Amino acid sequence: MVNLKVWEKLRNQFTAKKVTLIAVSKTKPASDIQELYNAGQRDFGENYVQELTEKYAALPKDINWHFIGHLQSNKVKYIAPFVHLIHGIDNARLLQEIDKQAAKNNRVIDVLLQYYIAREETKYGMSMAEITEVVKHKADLPNIRICGLMGMASNTDDMAQVRGEFRALDSFFVLLKMEYFVDNPEFSKCSMGMSGDYEIAIEQGSNMVRIGSLLFGGRTYTQ
Ligand SMILES: *Cc1c(COP(=O)(O)O)cnc(C)c1O
């Protein structure tokens, strides 16, 4: 069930701060997405390729679809024609495949590099060194635009730790921007924060927040 009151509150709060609200609709039915769409929401996030392609086919074409999960190279081709922004780039090889599929579709695909900030083995992402390496060679990928960084904090009640992790991501974002993207205004997105930690994320410089359960209620299955 969609919580329109919460959506309205978040939207107003985020608009004032120039933060993009991405409604994370994974595992939720297309009817829930349509309901938020009717209220005015256009940015939606999904984690699974098959689920995303089915929803893309069924829903209005002016939705901005964000792929926020772990993306396998062999599945890039299914979302390359329409995806708005791919958040979770966690290895350099994946970028080569996205570049190739973007070229096939005559388009440039926007991506965010996932920076590993959490103290958890379960999360994906690249180190500072790996991201720097990718960024140095960005000219080799003409059909990709690197638009910023994405990260997930540790799943912990220790908010000081979460704050520190978000701060690390924002600092790295600012540093990369100064070093490698002075002439690339599109390098402007810092995607961090979810239902449980978005306030801290925004306080630490996030301008793109991915909210699922606060808007759609809890999820009953995970993949
Ligand atoms: C599921 C998911 C979210 C949303 O999580 P909530 O806690 O439900 O807000 C955000 N980001 C990523 C990468 C996710 O997989």
Side-chain angles (χ1 to χ4, degrees), residues 1-11 13-14 19-30 32-33 35-36 41-52 55 63-72 75-76 79 83-91 94 110-126 131 147-159 161-163 165-166 168-170 173 189-223:
M1 232 193 59
V2 178
N3 194 329
L4 283 173
K5 282 238 161 63
V6 168
W7 174 77
E8 214 160 289
K9 195 192 101 200
L10 289 175
R11 186 202 49 181
Q13 190 183 333
F14 289 7
V19 171
T20 303
L21 168 60
I22 299 173
V24 176
S25 44
K26 64 182 178 215
T27 80
K28 298 297 176 184
D32 280 4
I33 298 175
E35 196 179 335
L36 263 197
Q41 177 71 24
R42 289 296 178 271
D43 290 271
F44 291 90
E46 290 283 340
N47 288 52
Y48 311 110
V49 167
Q50 190 181 343
E51 188 176 340
L52 172 54
K55 286 173 175 171
I63 287 179
N64 298 324
W65 290 107
H66 297 254
F67 192 83
I68 63 168
H70 170 63
L71 181 57
Q72 289 169 290
K75 294 193 175 163
V76 171
I79 62 170
V83 70
H84 178 70
L85 180 64
I86 302 177
H87 290 234
I89 305 296
D90 54 17
N91 69 83
L94 178 58
D110 288 348
V111 302
L112 304 181
L113 305 177
Q114 186 168 0
Y115 178 34
Y116 186 85
I117 46 172
R119 281 189 225 158
E120 274 173 54
E121 295 291 317
T122 52
K123 297 211 161 76
Y124 294 100
M126 291 186 278
I131 288 182
C147 295
L149 296 183
M150 176 265 202
M152 290 172 85
S154 298
N155 186 11
T156 171
D157 292 335
D158 183 351
M159 288 304 150
Q161 186 182 330
V162 169
R163 181 172 282 110
E165 290 172 358
F166 284 148
L169 193 143
D170 184 62
F173 169 73
K189 297 177 171 63
C190 186
S191 167
M192 54 186 196
M194 340 203 301
S195 292
D197 55 21
Y198 73 92
E199 282 156 314
I200 300 174
I202 293 173
E203 164 204 301
Q204 294 304 320
S206 170
N207 57 21
M208 197 165 241
V209 171
R210 312 174 308 268
I211 305 269
S213 38
L214 271 183
L215 296 174
F216 296 104
R219 289 175 293 271
T220 48
Y221 75 90
T222 51
Q223 231 166 297

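All ligand and atom numbering here is 1-based and tracks the order in the structure. Since the model is a prediction, treat every value here as computed from it, not as a measurement. Numbers here are sequence positions counted from 1.
- Residue contacts with ligand 1 include R219, since one of its heavy atoms falls under 4.0 Å from the ligand.
- Here is the list of ligand 1 atoms found below 4.0 Å of a heavy atom in M150: 13 (C).
- Ligand 1 places these atoms under 4.0 Å from at least one heavy atom of I211: 9 (O).
- The distance from ligand 1 to the heavy atoms of N47 drops below 4.0 Å at these ligand atoms: 14 (C), 15 (O).
- For H87, no heavy-atom contact with ligand 1 is shorter than 4.0 Å.
- Interface atoms of ligand 1 facing R210, defined by a heavy-atom separation under 4.0 Å, are 4 (C), 9 (O), 10 (C), 11 (N), 12 (C), 13 (C).
- Interface atoms of ligand 1 facing K26, defined by a heavy-atom separation under 4.0 Å, are 1 (C), 2 (C), 3 (C), 14 (C), 15 (O).
- Close to ligand 1: I68, with a non-hydrogen atom less than 4.0 angstrom away.
- Close approach to M152 involves these atoms of ligand 1, each under 4.0 Å from a residue heavy atom: 13 (C).
- Counting only non-hydrogen atoms, the option in G69, G88, S213, G151 that gets closest to atom 7 (O) of ligand 1 is S213.
- In terms of protein heavy-atom proximity, atom 9 (O) of ligand 1 is closest to S195 OG, 2.5 Å.
- Evaluated for a side chain to side chain contact (heavy atoms under 4.5 Å, CB included) with F44, the options Q41, E46, R42 yield exactly one hit, Q41.
- Ranking protein heavy atoms by distance to atom 10 (C) of ligand 1, first place goes to M194 SD, 3.3 Å.
- Between F67 and the choices N47, V49, L85, the side chain to side chain contact (heavy atoms under 4.5 Å, CB included) rule is met once, by V49.
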